[in-house]
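The structure appears right after this line, and notes come after that.
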Amino acid sequence: MEQIISAGLEELGLTGRVPKDAPALLAQYGQMLLEKNQVMNLTAIRDLEGVARLHMLDCAALLKFCDFEGKTLIDVGTGAGFPGMVLKILVPSLKLTLLDSLGKRLDWLSEVYEDLDCMDSITAFHGRAEEFSAPIKGYRDSFDLVTARAVAELRVLCELCLPFVKVGGRFLAMKSTNSDQELEDAAHAIKLLGGRMAGVEDYRIPGTEVVHRLIIIEKVAPTLKGYPRRWARMQKEPL
Ligand code: SAM
């Protein structure tokens, strides 16, 4: 797995920009994922190469489009740590917050970052995004960056994620390339929640024909009071 990751990082043009031990650490993380996946539902990908490419390199590709150095980042619906943990391994100065509504996954992730022994500045919260971004919690309009992969349809995702982003910061939504309709549908939500479309970047995952998409939304105004709404309401009446 280490070799595939190393070659993939090179193909992405990231060698020299990431720590030397990053491929080894990502491979160790991938091994732990596959082992734990036998007893806990963490990923549908069950082979070493798939994990290396479709998890590690997919997430690593974000470094091509955004500077993560020293930034605060919350990964919403992180699951088994994607993309948050991969970004942290590649950019150790990142101040990472992991958020997920499933506590067991976060418990496992805390074992991972203790084992990798290089993971300072990580905070993990068990909870729902729409509750954590309430003004009273202190996380609203406060992160430089917010990431999410495979969590919800873009309109709903914007309501979950944009409230966390500080003005001038960015929300990075990882999507497939057949998200054109989602993008169109989300235009109103993005504007209402204080965002502005800043870019759509398609990239091929090294060693595959898979092309994924990064949607970059800039925060230009604080999110209005009243958002995010309750989960059931968001689902029933997406913005
Ligand atoms: N981001 C990871 C990835 O790409 O592999 C996990 C994707 S998994 C399909 C979706 C994750 O989002 C689950 O772990 C789920 O518990 C979490 N999730 C869904 N809705 C959420 C919410 N409203 N707040 C926090 N976490 C949520």
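Counting starts at 1 for both ligands and their atoms, following the listed order.
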message: Residue-level breakdown please: for Thr78 versus ligand 1, do any non-hydrogen atoms fall below 4.0 Å on the side chain, on the backbone, on both, or on neither?
response: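 It is the backbone that touches ligand 1; the side chain stays farther off.
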
- request: Tell me which part of Met174 gets within contact of ligand 1: side chain, backbone, both or neither, using heavy atoms under 4.0 Å.
  value: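 No part of Met174 comes within reach of ligand 1.
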
Can you tell which of [options] gets a heavy atom nearest to [atom]?
| atom | options | result |
| --- | --- | --- |
| atom 5 (O) of ligand 1 | Arg149, Glu130, Met85 | Arg149 |
| atom 25 (C) of ligand 1 | Gly127, Ala150, Pro83, Gly103 | Gly127 |
| atom 15 (C) of ligand 1 | Leu160, Asp100, Thr43 | Asp100 |

Sub-4.0 Å heavy-atom contact, Leu102 with ligand 1: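 Within the 4.0 Å threshold, so yes.
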
query: Is Ala152 in contact with ligand 1, taking contact as a heavy-atom separation below 4.0 Å?
result: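 No, Ala152 has no heavy atoms under 4.0 Å from ligand 1.
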
query: Would you say the side chain of Leu162 lies within less than 4.5 Å of the side chain of Phe171, judging by non-hydrogen atoms?
result: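 Heavy-atom side-chain distance check passes, below 4.5 Å.
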
message: I need the nearest protein heavy-atom contact for atom 26 (N) of ligand 1: residue, atom name and distance, please.
response: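 Looking at atom 26 (N) of ligand 1, the protein heavy atom closest to it is Ser101 N, 3.2 Å.
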
field: Taking atom 19 (C) of ligand 1 as the reference point, the nearest protein heavy atom with its distance
entry: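 Protein heavy atom with the smallest distance to atom 19 (C) of ligand 1: Val151 CG1, 4.0 Å.
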
Can you find an N/O atom of [X] closer than 3.5 Å to an N/O atom of ligand 1?
| X | answer |
| --- | --- |
| Gly77 | yes |
| Ala80 | no |
| Arg128 | yes |
| His55 | no |
| Phe82 | yes |

message: Suppose we screen for side chain to side chain donor-acceptor pair (under 3.5 Å). Which residues come up paired with Lys64, at least two apart in sequence or across chains?
response: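 Checked Lys64 against side chain to side chain donor-acceptor pair (under 3.5 Å); zero matches.
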
- prompt: What's the shortest heavy-atom distance between Thr43 and His55, and which atoms?
  reply: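 Smallest heavy-atom distance, with atoms named: OG1-NE2, 2.8 Å.
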
task: Run the salt-bridge test on Arg53 and Glu49 with the 4.0 Å N-O cut-off and return the result as yes or no.
output: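 Yes, Arg53 and Glu49 are salt-bridged.
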
Salt bridge flag under 4.0 Å for residues Arg170 and Asp144: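 Looking at Asp144 together with Arg170, the answer is no, because their closest N to O distance does not fall below 4.0 Å.
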
More than 12 heavy atoms of other residues, nucleotides or ligands under 6.0 Å from [atom1] of [X]: yes or no?
| X | atom1 | answer |
| --- | --- | --- |
| Arg229 | CZ | yes |
| Gln3 | CD | no |
| Lys71 | NZ | yes |

query: Can a donor-acceptor pair be found between the side chains of Asp58 and Tyr203 at a distance below 3.5 Å?
result: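 Looking only at side-chain atoms, Tyr203 and Asp58 do form a donor-acceptor pair, the distance falling under 3.5 Å.
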
task: Begin with the C-alpha distance, continue with both residues' side-chain angles, and end with the deciding distance and a verdict on ring pair (Phe, Tyr, Trp, His ring centres under 6.0 Å) for Tyr139 and Phe125.
output: CA-CA 12 Å; Tyr139 306 111; Phe125 289 124; 5.2 Å; yes

message: Show every side-chain hydrogen bond (donor to acceptor under 3.5 Å, both in side chains) that has at least one partner inside residues 5-14, sequence neighbours left out.
response: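 Listed by first then second residue: Glu11-Arg204.
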
Could you list the atoms of ligand 1 found under 4.0 angstrom from a heavy atom of [X]?
| X | result |
| --- | --- |
| Ala129 | 22 (C), 23 (N), 24 (N), 25 (C) |
| Gly79 | 6 (C), 14 (O) |
| Arg105 | 13 (C), 14 (O) |

